[in-house]
Amino acid sequence: MPILRVALMSLLAGLVGCGSIAKPKVEPALTRHAFEHDAMGATFRIVLYGADEPSAKAAADAGFDRIHALNAVLSDYDRASELSKLSDTAGSGRWVRVSDDLWKVMRSSHELSVKSGGAFDITVGPVVQLWRWARRNRQMPSAERLAAATSAVGYEKIEYDEAKQSVKLTAPNMRLDVGAIGKGYACAEAMNLLKERGFNRAMIDCGSSTVVGDAPPGRKGWRIGIASLNPRETPPSKYVVLANGGVCTSGDAWQFIELDGQRYSHIVDPKTGLGLTDHSSVTVVTPQGILADGISTAISVLGPQKGLEFVEQFKGAAAFIVRKPGDEIEIYESKRVKDLVIDAPKE
Ligand code: AMP
Ligand code: MG
């Protein structure tokens with residue numbers, strides 16, 4: 001009897017909506033596909049669930065192509081990128097019309113600068129270049145060179161013409177560096193592309209930034225490790241479980257220079273031009289991929305107290321901060337962390 005009832009129900013389900021006899025719709029079995037590709041000085045990894053390998057690969061390749069195209073817009077290493085050419089116009093008085101991608105990245109950056117009171121600032125280019133020189137030469141930049149580089153910094157020295165999608169860099173020697181937001185934007189854009197192709201159950205990761213779509217089949221979300229202070233030695237002890245959002249970690253774990261016993265991060269305080277000296281790792285979770293990257297850099301500069309206030313300005317965002325200013329490790333969590341973070345499973 002129960003068998004008969006099931007058969008009758010599926011027949012009815014087939015009839016409803018079609019007006020004729022049709023087979024009930026069966027979801028194809030989804031399998032996991034993973035791809036890797038080097039771009040923007042990082043390794044990007046795309047994991048997605050799809051019915052077959054060729055279409056999954058075609059979608060991942062389209063995502064990687066999009067990331068390459070964004071590198072040609074956003075790179076400050078490439079002198080021919082749109083960003084570098086814009087920096088070349090600094091102080092000339094010229095308005096420059098910019099592409100949709102550069103516009104979106106610059107407007108998001110401006111929002112982050114305003115909300116962080118200038119802790120986040122893409123005009124740090126000359127200062128970042130000076131610290132790259134210091135890392136190559138293992139030498140502290142002189143006070144004169146630091147002062148000269150810092151004098152060109154200030155997000156308010158960029159003017160925006162919304163109607164013409166144009167910008168003007170008003171101070172001579174200004175140089176833009178979107179390294180704190182570009183990879184997050186690239187991951188978010190590649191994710192949009194995967195979703196357009198129907199691959200909603202997907203994840204894109206480039207080490208520091210991760211953007212995820214719908215959860216893997218049968219799961220609540222993607223499990224993403226929260227980087228420890230020393231990720232080379234210590235695996236994550238906590239994880240974020242997330243669907244449709246971004247996770248990003250900023251800190252001095254991978255990029256820093258030690259001079260005269262002092263450790264300087266690749267993240268700089270735009271006000272002083274100095275690399276940050278407090279050993280820290282800031283992980284931010286947001287519903288939009290692009291913002292997690294910028295917010296985590298901003299919090300690194302703001303420090304824990306101001307950082308936790310700052311993150312509350314962004315709807316749905318959460319911040320997890322680990323610091324070691326002296327011998328002791330300090331942990332700070334924003335309000336939403338408890339909804340998103342779980343402990344690592346016991347071995
Ligand atoms: P992230 O790893 O996302 O925190 O970005 C760090 C990179 O952003 C650095 O390597 C610099 O290129 C750039 N940067 C450094 N300090 C700042 C800052 N205060 N605001 C914006 N970008 C920064
Ligand atoms: Mg960042």
Side-chain angles (χ1 to χ4, degrees), residues 40-42 71 74-78 81 83-84 87 105-106 108-136 141 146 149-150 152-158 174-188 205-211 227 231 246-257 264-286 288-303 306-307 310-311 314 317 319-322:
M40 292 185 158
N71 190 55
L74 303 175
S75 171
D76 62 294
Y77 287 94
D78 176 2
S81 72
L83 184 87
S84 294
S87 291
V105 168
M106 291 185 72
S108 291
S109 298
H110 183 76
E111 180 194 347
L112 287 161
S113 294
V114 172
K115 288 186 170 161
S116 69
F120 183 94
D121 194 326
I122 57 169
T123 69
V124 289
V127 175
V128 170
Q129 287 191 359
L130 190 54
W131 282 98
R132 282 185 197 150
W133 171 90
R135 277 168 67 181
R136 278 196 305 275
L146 261 175
T150 311
V153 175
Y155 71 91
E156 65 291 342
K157 294 172 188 160
I158 306 176
M174 277 179 93
R175 289 211 78 83
L176 305 183
D177 173 344
V178 295
I181 190 169
K183 289 201 191 86
Y185 181 70
C187 286
D205 165 85
C206 66
S208 56
S209 271
T210 306
V211 172
V247 182
C248 185
T249 299
S250 283
D252 58 337
W254 302 102
Q255 293 190 60
F256 62 90
I257 175 178
Y264 295 95
S265 167
H266 66 132
I267 302 170
V268 300
D269 183 338
K271 306 232 160 52
T272 62
L274 290 175
L276 303 182
T277 53
D278 46 352
H279 189 26
S280 78
S281 179
V282 178
T283 299
V284 168
V285 187
T286 57
Q288 305 100 343
I290 180 177
L291 284 178
D293 194 354
I295 295 172
S296 58
T297 309
I299 294 179
S300 300
V301 180
L302 287 169
K306 284 189 189 159
F310 168 74
V311 75
F314 300 90
F320 186 88
I321 306 171
V322 193

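Below, all heavy atoms of this structure are taken into account, side chains as well, without hydrogens, waters or symmetry copies. Both ligands and their constituent atoms are indexed starting at 1 by order of listing.
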**OP:** Step by step, work out the side chain to side chain contact (heavy atoms under 4.5 Å, CB included) result for Leu302 and Phe120.
**Re:** CA-CA 9 Å; Leu302 287 169; Phe120 183 94; over 6 Å; no
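The angle Asp293:O - the Mg ion (ligand 2) - Thr297:OG1 amounts to 90°, with values rounded to 10 degrees.
The shortest N/O to N/O separation between Val268 and ligand 1 falls below 3.5 Å. Of the N or O atoms in Ser250, one or more lie within a sub-3.5 Å distance of an N or O in ligand 1. At a 3.5 angstrom cut-off on N or O pairs, Val124 does not count as close to ligand 1.
Counting only heavy atoms of the protein, atom 11 (C) of ligand 1 lies nearest to Asp177 OD2, 3.5 Å. The protein non-hydrogen atom at the shortest distance from atom 6 (C) of ligand 1 is His266 CE1, 3.5 Å. Nearest protein heavy-atom neighbour of atom 1 (P) of ligand 1: Thr297 OG1, 3.3 Å. The protein heavy atom nearest to atom 22 (N) of ligand 1 is Ala180 CB, 3.4 Å. For atom 21 (C) of ligand 1, the nearest protein heavy atom (residue, atom name, distance) is Asp121 O, 3.3 Å.
Residues Ile267 and Asp252 fail the side-chain proximity criterion, which asks for heavy atoms closer than 4.5 Å. Counting heavy atoms from C-beta on, the side chains of Leu176 and Thr123 come closer than 4.5 Å. The closest side-chain heavy-atom distance from Val284 to Phe314 is not below 4.5 Å. Within the 4.5 Å cutoff, no side-chain heavy atoms of Thr272 are placed close to those of Thr150.
Side-chain contact of Asp278 with Ser280: a donor-acceptor pair under 3.5 Å is absent, judged by distance alone. In this model, no donor atom of one side chain and acceptor atom of the other lie less than 3.5 Å apart for Ser81 and Ser75.
With ligand atoms numbered from 1 in the order given, ligand 1 contributes 18 (C), 19 (N), 20 (N) to contacts under 4.0 Å with heavy atoms of Ala119. Those atoms of ligand 1 that come under 4.0 Å of a heavy atom in Val301, given as number and element, are 19 (N). Less than 4.0 angstrom separates some heavy atom of Asp293 from each of these atoms of ligand 1: 3 (O). Listed by number with element, the atoms of ligand 1 under 4.0 angstrom from any heavy atom of Pro270 are 19 (N).
Residue contacts with ligand 1 for Val128 involve side-chain atoms from C-beta outward but no N, CA, C or O (heavy atoms, distance under 4.0 Å).
The nearest N, O or S atom of Ala180 is closer to the Mg ion (ligand 2) than 2.8 Å.
In this pair, Trp131 and Tyr264 present their aromatic rings tilted. The plane angle is within the 30 to 60° band.
Using modelled atom types, one side-chain atom of His266 and one backbone atom of Gly251 make a donor-acceptor pair closer than 3.5 Å.
Across every non-hydrogen atom of Ser109 and Val105, the tightest pair is OG-O, 2.7 Å.
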